[in-house]
Amino acid sequence: MDWDNLRYFLALARTGTLVNAARMLGVDHTTVSRRIQALEKQVGVPLFARESFGHRLTESGRQLLPHAEAMEAAFLSIENTALFAREGLSGLVRVGAPEGLGTCVLAAPLAGLAQQHPALVVDLLALPRQVQLSRREADIVISLERPTRDSVVVTKLSDYVLRLYGAQSYLARHKPIQTVQDLVGHTFISYVDDLLFSRQLQFLDNFFQPRQFGLRSTSIIAQYEAVRAGGGLAILPVFLGGRDASLQCLLPQEAHFQRTFWMSMPSEIRHLARVQAVWQFLCDVVRDPARGLLPIPQGERRAQ
């Protein structure tokens with residue numbers, strides 16, 4: 001399959017019109033139309049529905065989109081390597097990420113990357129809110145929901161799992177927890193409901209309705225520290241709770257929540273060597289099984 005045709009496909013999928021896609025790619029809109037037609041002929045199905053306001057992906061187009069994005073990421077990685085060899089890395093790249101991922105998974109590796117490239121500066125915005133590409137708050141943003149904004153390069157970074165945890169010190173003061181019903185009367189640590197920055201952080205609604213909260217916080221790090229101190233039970237990412245020997249995983253079958261991290265950047269900066277470098281580095285770090293975003297069954301502690 002012709003990679004150039006896929007570039008045109010991605011541009012039209014992201015912008016929605018031939019004119020905007022042409023502007024993004026620096027070509028005439030008739031070139032975009034011709035490339036899309038060639039790709040549709042190659043795959044044998046329509047990829048876009050032509051409508052009065054522009055072009056909308058068909059079901060076949062939506063199925064092709066993640067594969068095209070994966071090819072784009074691979075191409076950028078190859079291009080990236082060549083650029084580094086010629087030019088090295090220099091300049092500023094600002095990365096926005098959810099607080100827990102940024103603090104506990106990304107901070108140390110990014111510091112190591114900067115040490116390898118003294119002329120490279122990385123700003124890490126590890127915040128308990130969504131960092132906005134549209135406001136130019138960052139060059140690369142990791143989010144809990146897939147961005148829908150036009151002219152943005154998006155990739156699925158990784159799935160991750162959250163489970164219910166309690167400190168050994170807390171659990172020693174209570175009867176064993178073997179069923180969801182056993183959670184009645186327990187103190188919970190959680191988010192402040194009306195300050196949630198993503199609906200993906202709603203875990204308790206369909207699992208268990210606590211009657212008592214020991215602490216509610218906008219910060220997942222604050223929740224983690226409160227659980228470690230024996231303040232109650234909390235749903236935590238396994239990259240936090242699963243690595244702490246003082247915590248015990250409870251009801252792993254029932255309290256199992258999977259979410260996804262998405263990564264995006266503005267299309268107009270995708271060719272910058274420093275941005276490509278950090279983008280690929282983040283992919284490699286987060287997708288490394290050793291980072292613990294997904295649990296390792298044989299290493300997971302179970303409730304007694």
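Counting begins at 1 with the first residue of the sequence. Not measured: the values here are computed from a predicted model.
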Test side chain to side chain contact (heavy atoms under 4.5 Å, CB included), reference Arg216, set Leu195, Ile189, Asp193, output is Asp193
For Phe188 and His186 the tightest heavy-atom approach is CD1-O, 3.6 Å
Exercise. Just by distance, do the side chain of Arg173 and the backbone of Ser169 share a donor-acceptor pair under 3.5 Å?
Worked result: yes
Q) Is the side chain of Thr58 donor-acceptor paired with the backbone N or O of Pro46 at a distance under 3.5 Å, no angle test? A) yes
**OP:** Would you please classify the geometry between the Phe257 ring and the Phe207 ring as parallel, tilted or perpendicular, with 30° and 60° separating the classes?
**Re:** perpendicular
Heavy atoms of Ser264 and Val152 approach each other most closely as CB-CG1, 3.4 Å
Smallest heavy-atom separation, Thr103 atom then Ala126 atom, equals OG1-CB, 3.9 Å
Atom CZ of Arg211 with >12 non-hydrogen neighbours under 6.0 angstrom: no
>> Whether the side chain of Gln223 engages the backbone of Ser217 through a donor-acceptor N/O pair (distance < 3.5 Å, no angle test) should be reported.
In response: yes
| request: Decide if atom CG of Asp205 counts as having more than 12 heavy atoms of other residues, nucleotides or ligands within a radius under 6.0 Å. | output: yes
Sorted by chain and residue number, the side chain to side chain donor-acceptor pair (under 3.5 Å) partners of Asn5 (sequence neighbours excluded) come out as Arg35
Asp139 and Leu92 have their tightest heavy-atom pair at OD2-O, 4.0 Å
> Are Glu268 and Arg136 ion-paired here, with the side-chain N under 4.0 Å from a carboxylate O?
Replying inline: yes
Test salt bridge (Lys or Arg N to Asp or Glu O under 4.0 Å), reference Glu69, set Arg7, Arg270, Lys156, Arg146, output is Arg146
With sequence neighbours left out, the residues meeting side chain to side chain donor-acceptor pair (under 3.5 Å) with Ser198 are Glu145
Discussion item. Side chains of Tyr165 and Asp244 only: does a donor on one sit below 3.5 Å from an acceptor on the other?
Written reply: no
Tested for side chain to side chain contact (heavy atoms under 4.5 Å, CB included) against Leu18, the lone hit among Thr30, Val32, Thr31 is Val32
Review point. Do Leu233 and Phe213 belong to the same hydrophobic cluster, where Ile, Leu, Val, Met, Phe, Trp and Tyr are linked whenever their side-chain heavy atoms lie under 4.5 Å apart, directly or via other members?
Key: yes
Compile the donor-acceptor pairs under 3.5 Å between side chains in residues 48-56 and protein atoms, sequence neighbours left out, one pair per line.
unit_1 : atom_1 : unit_2 : atom_2 : d
Arg50  : NH1    : Glu40  : OE2    : 3.2
Arg50  : NH1    : Phe48  : O      : 3.0
Arg50  : NH2    : Glu40  : OE1    : 3.1
Glu51  : OE2    : Arg56  : NE     : 2.7
Glu51  : OE2    : Arg56  : NH2    : 2.8

Joint hydrophobic cluster, Leu196 plus Leu204, side-chain heavy atoms closer than 4.5 Å
yes
